[in-house]
Asks: 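First, the structure itself, so that you have it in front of you.
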Amino acid sequence: MAILFLRNVPDHVIDRLKALAIHERRSVSETAVHELDKSTRLAEKVSLLLQDDPPDLDVSVEEMVQALDEARSAREAYLEK
């Protein structure tokens, strides 16, 4: 595993990472790695969407809409707690 040192990280970013780490019961380092992993995965997904000839994943529009609706409902239920 590699070691990554970050310089010039704004205080507000560190504050948010600390708050997130406390909320998720992780260290700031674990939280930062988790967030970097999520953002790089998202970048991969975006690059797939922007391809001129994206791969056919054999998923219907109806399935995608249903999954999106379910995720939104779950998020709303979570936020109402």
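What you see is a predicted model; the values in this text were computed from it and never measured.
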Asks: For R41, enumerate each residue passing the side chain to side chain contact (heavy atoms under 4.5 Å, CB included) test, keeping only those at least two apart in sequence or located in another chain.
Replies: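 Partners of R41 under the side chain to side chain contact (heavy atoms under 4.5 Å, CB included) test: D37.
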Asks: Enumerate, atom names and distances included, each donor-acceptor pair closer than 3.5 Å involving a side-chain atom of residues 4-22, sequence neighbours excluded.
Replies:
none

Asks: Taking atom NE2 of H34 and atom CD of E24, what is their separation to the nearest 0.5 Å?
Replies: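 Reported value, rounded in 0.5 Å steps: 5.5 Å.
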Asks: Residues sharing Y78's hydrophobic cluster, by side-chain heavy-atom contacts under 4.5 Å among ILVMFWY, directly or via others?
Replies: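 Via sub-4.5 Å side-chain contacts, Y78 links to L79.
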Asks: Tell me every residue that passes salt bridge (charged side-chain N to carboxylate O under 4.0 Å, His left out) with E35, counting only those two or more places apart in sequence or in another chain.
Replies: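 K38.
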Asks: Under the side chain to side chain contact (heavy atoms under 4.5 Å, CB included) test, which residues partner S29, sequence neighbours left out?
Replies: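 Only S27 meet the side chain to side chain contact (heavy atoms under 4.5 Å, CB included) criterion with S29.
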Asks: Which pairs of donor and acceptor atoms, one on a side chain in residues 63-77, lie under 3.5 Å apart (sequence neighbours left out)?
Replies:
| unit_1 | atom_1 | unit_2 | atom_2 | d |
| --- | --- | --- | --- | --- |
| E63 | OE1 | S60 | N | 2.8 |
| E63 | OE1 | S60 | OG | 3.2 |
| Q66 | NE2 | E70 | OE2 | 3.1 |
| S73 | OG | D69 | O | 3.0 |

